[in-house]
Amino acid sequence: MTAETTQLKPESLEEVVIRFAGDSGDGMQLTGDRFTDVSAVFGNDLATLPNFPAEIRAPAGTIAGVSSFQVHISDHEILTPGDAPNVLVAMNPAALKANLSELIPGGTLLVNSDTFEERNLTKAGYQASPLEDGTLAAFRVIQVPMTTLTLESTKELGVKPRDAERSKNFFALGLVSWMYTRPTDDTIQWIEDKFANKELVKAANLAAFKAGYNFGETAELFDHAYAIAPARLAPGRYRNITGNTAVSYGLIAAAQQAKLPLTYASYPITPASDILHELASHKNFCVRTLQAEDEIAAVNVAIGASFTGHLGVTATSGPGVDLKSEGIGLAVSLELPLIIVDVQRGGPSTGLPTKTEQSDLLLAMYGRHGEAPLPIVAARSPSHCFDATIEAARLALKYRTPVILLSDGYLANGAEPWLLPDVDALPDVSVPFATEPNHTDDDGTKHFWPYLRDPETLARPWAIPGTPGLQHRIGGLEKEDGTGNVNYDPENHEYMVRLRAQKIAGIANDIAPVEVDDPSGNASVLVIGWGSTYGSIQQAARDARESGVEVATAHLIHLNPFPANLGEVLKKYDRVLVPEMNLGQLVKLIRGDFLVDAVSLTKVQGVPFRASEIEQAIRELAK
Amino acid sequence: MSEEGTAVKLGRKDFQSDQEVRWCPGCGDYSILAAMQLFLPEVGVKPENMVFVSGIGCAARFPYYMNVYGMHGIHGRAPALATGVALARPDLDVWVITGDGDSLSIGGNHLIHALRRNVNMKIIVFNNQIYGLTKGQYSPTSEVGKVTKSSPFGSLDTPFNPLSVALGAEGTFVARTHDMDRAHMVEIFRRAHDHQGTAFVELYQNCNVFNDGAFEAITGKEVRSDMLIDLKHGEPIRFGADGSKGVVLNQFGECEIADVAEVGEDRLLVHDEHREDPTLAFALSRLADRPTTPTPIGVFRDVQRPSYEAEVQRQLVISSEKQGPPDLGALLGAGATWDVS
Ligand code: SF4
């Protein structure tokens, strides 16, 4: 595969947004993943947005069955998977129909023309073929009979045509790889490893991939290929990482930095299950994983493990948090370390299992009976999930409290390059166990009081089973401070309720102040966000500034308690904009806590904000 | 488990906490607590290596009275909490104290899954066939027709047979005892403790306030010999003052009570608690529909299956042999990486 036959030198681009779309059986996620990994290793900055149906087997050829994968690659630092694709690869009519409206005018449309026959057209709801009726006039349409060419390329291998046809995603990958001058060696190697045990499949995929690449080179459909130079990122070693992998690694790292074994219990749920899969394969890090019988059991197993001196963790999505509320409340009362990861998805109820949303903030904040405050940490990008997880562990351990870590479907499955941290420089989050009695009666008898607090953090001692002389009983009943004895006195209850709240509120002094990005210092509008809207907000602010609108941004990692300087920051700006993928949850907290007339910008379509949507709102407010 | 070789001399007092015991006067729970505190010293495990976990209900107060590590959890969740304890710390002696409502109603799911996993914990179900703490509603083991505050016209719910449930859930150790016989309770606690894996013990307990006398027909001193069938491994199952009654299998494999004189000794069922197949144990569990007819007590089933945490430990060892010692840097940098200078 040399460039001999390439007619022209590749044209340089700063960035491109490509969306691979096809039937869920077409392997689009895999194709997108491969293209992403190759681009990552090549050195581009990137962000991805996988989008797939909740049904495992939605009817083939229908709109409901369309799966897509968007990847944004660039030669400079980027923050989002891109508002709209420049290139759409459509493997069938349904994929075209479902995605066409988002392709930018003048964008490139690469279609598998073989699939545009009557049956598929009907299933997609087309009366006539859009390839022929002028529907696509606004785009640069490239029709490639990918199925035919794939069959052609594999016919010598003795693969059954039905099986050979399934390699057409590799043909598409080969073609797009040529179009964007991606190195081929990595993908070839990957195919060889991945299908090492399936000779025929391997051979067919390799043949299709090469055929696709060569087709680009030789077919005169393209004037030239495009090149996107490596991005000038901060120096260091990088890898590509998704949010779920980053949470998993964050948990392993946190346990190591806490010098504790990790016990992780969870129940399979989209989009959090990958954390269980990942952790289950790293038992050599002394990671115990348990696939529980239900969400309730999962949180209780984690609490039981914490009681004995492990880092107890459970992860789930919104429906699971509902069920875990009871257990989380117990952990609040027991004052034991616990991490609950909530990979948010569209709700209510089963909602949109595979789509992203930020609608569990108030659930995390208030979703328990009684006064049951706990710290909330939110990750802002796929790789940031690693740091956010360690921070959640730090707070859980230091303050002996359950902590909710909020991620979401977009962060969980989205990928970005990650500058590998220096593992020796990770924070030490270890805390000492109690080893001695901590109270002496007037008569000199020594006792262990499980609720005798550290005066600074208000954390109670953590005495683990096996420690002689420190036997104690804890439970969900109200207890007396200090002794921990069950106590129903009205004054004691009020004291304890306030004390638990005070402990959590006090964390505000132990977290980083919120940072404001206000380059000119003259902005009157502040955009404040949390979680995965980070990329869109930053991009929107950049775009606004480029066109002369001054705007400040701030992004919250800690949602409870808020950083100590937040009130001060908010009051400095005339207008405060809060974009959220819910109906306005952070904005309620901000308005309630600080009496600031913040403006809410909301979106609940199961996909992230486009930067342009936020930029538009900034412009309105800045007027 | 206690340290190898060091004999630990412990007494009842070592297991008593400083908390005032607060069950209703006359409650069967007192005798169970006493039996447990008398029994535990003989195990030789120091109190600090024992964890008692409970859910909610009268029985769930139990851990407060024990000078061990204890957790009074939430309703029904004790088996899950205890699974976490046992999974994390196989070195600990883990006991679950629960009731019929706690374990068979709100916590039914956790109970059956603990049993099938065979987590190393001892689950003692105080079955009083009533909700005591919430003041007298019918429970999942109350008889049909039971008149309570929540069933003024009689309960319509078919009750669970706890032993049948445990056997159906692949329990490896299933036994029954009652609060009127300390020696028998101690013997069953001992057997449960010796078992590797989940031990399930149904303990008939009298709630003298809301369901007094529920088991009197079988546990009363005068009637016991005729009404309790003491199962003994390897022996023909017989009971009655002079052993005149026995248990036989009918043509359908169901247990029936027979006069030994009539059927002959050879036809008596010989109890085999180690049978892999739970069918016979199950048949025995069905012998007495309610605790009003002759009822088997003792160990119904005791078979060997690796405990869950032993298998988890095995996987941890295998993984570290295969994958080598943990290397966080290597983990993070695994797969494709690239350098930017
Ligand atoms: S209500 Fe019944 S079970 Fe509960 S303590 Fe009183 S007598 Fe015992």
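Residue numbers begin at 1 in each chain, while the letters A, B, ... track the order of the sequences.
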Measure distances from [X] to the heavy atoms of chain A and classify the residue's part below 4.5 Å as side chain, backbone, both or neither.
{"X": "B:Gln313", "value": "side chain"}
{"X": "B:Glu321", "value": "neither"}
{"X": "B:Arg22", "value": "neither"}
{"X": "B:Met50", "value": "neither"}
{"X": "B:Pro325", "value": "backbone"}
{"X": "B:Tyr308", "value": "side chain"}
{"X": "B:Ala82", "value": "neither"}

- Carboxylate-amine/guanidinium contact B:Arg77 A:Glu326, below 4.0 Å: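 So B:Arg77 pairs with A:Glu326 through a salt bridge.
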May I ask you to name which of [options] has the most heavy-atom pairs under 4.5 Å with chain A?
{"options": "B:Ile56, B:Ile318, B:Ile112, B:Asn109", "value": "B:Asn109"}
{"options": "B:Ala86, B:Ala336, B:Gly84", "value": "B:Gly84"}
{"options": "B:Ala88, B:Ser341, B:Gly73", "value": "B:Ala88"}
{"options": "B:Gln19, B:His113, B:His75", "value": "B:His113"}
{"options": "B:Arg117, B:Lys322, B:Arg116, B:Gln315", "value": "B:Arg117"}

- Item | B:Phe160 atom CZ, neighbour heavy-atom count above 12 within 6.0 Å |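 No, not enclosed.
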What part of [X] lies closer than 4.5 angstrom to a heavy atom of chain B: side chain, backbone, both or neither?
{"X": "A:Thr245", "result": "neither"}
{"X": "A:His472", "result": "both"}
{"X": "A:Val423", "result": "side chain"}
{"X": "A:Ala302", "result": "neither"}
{"X": "A:Ala40", "result": "both"}
{"X": "A:Leu419", "result": "neither"}
{"X": "A:Leu470", "result": "both"}
{"X": "A:Thr467", "result": "both"}
{"X": "A:Ala265", "result": "neither"}
{"X": "A:Pro468", "result": "both"}

Minimum side-chain heavy-atom gap [X]-[Y] below 4.5 Å:
{"X": "A:Glu293", "Y": "B:His110", "result": "yes"}
{"X": "A:Trp418", "Y": "B:Leu332", "result": "yes"}
{"X": "A:Arg232", "Y": "B:Val340", "result": "no"}

Please check: side-chain N/O of [X] versus main-chain N/O of [Y], any donor-acceptor pairing under 3.5 Å?
{"X": "B:Tyr69", "Y": "A:Gly466", "value": "no"}
{"X": "A:Gln471", "Y": "B:Ser17", "value": "no"}
{"X": "A:Asn300", "Y": "B:Ala80", "value": "no"}

- Describe, in one word, how the ring planes of A:Tyr238 and B:Trp338 are oriented to each other, choosing from parallel (under 30°), tilted (30 to 60°) and perpendicular (over 60°).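 Correct class here is parallel.
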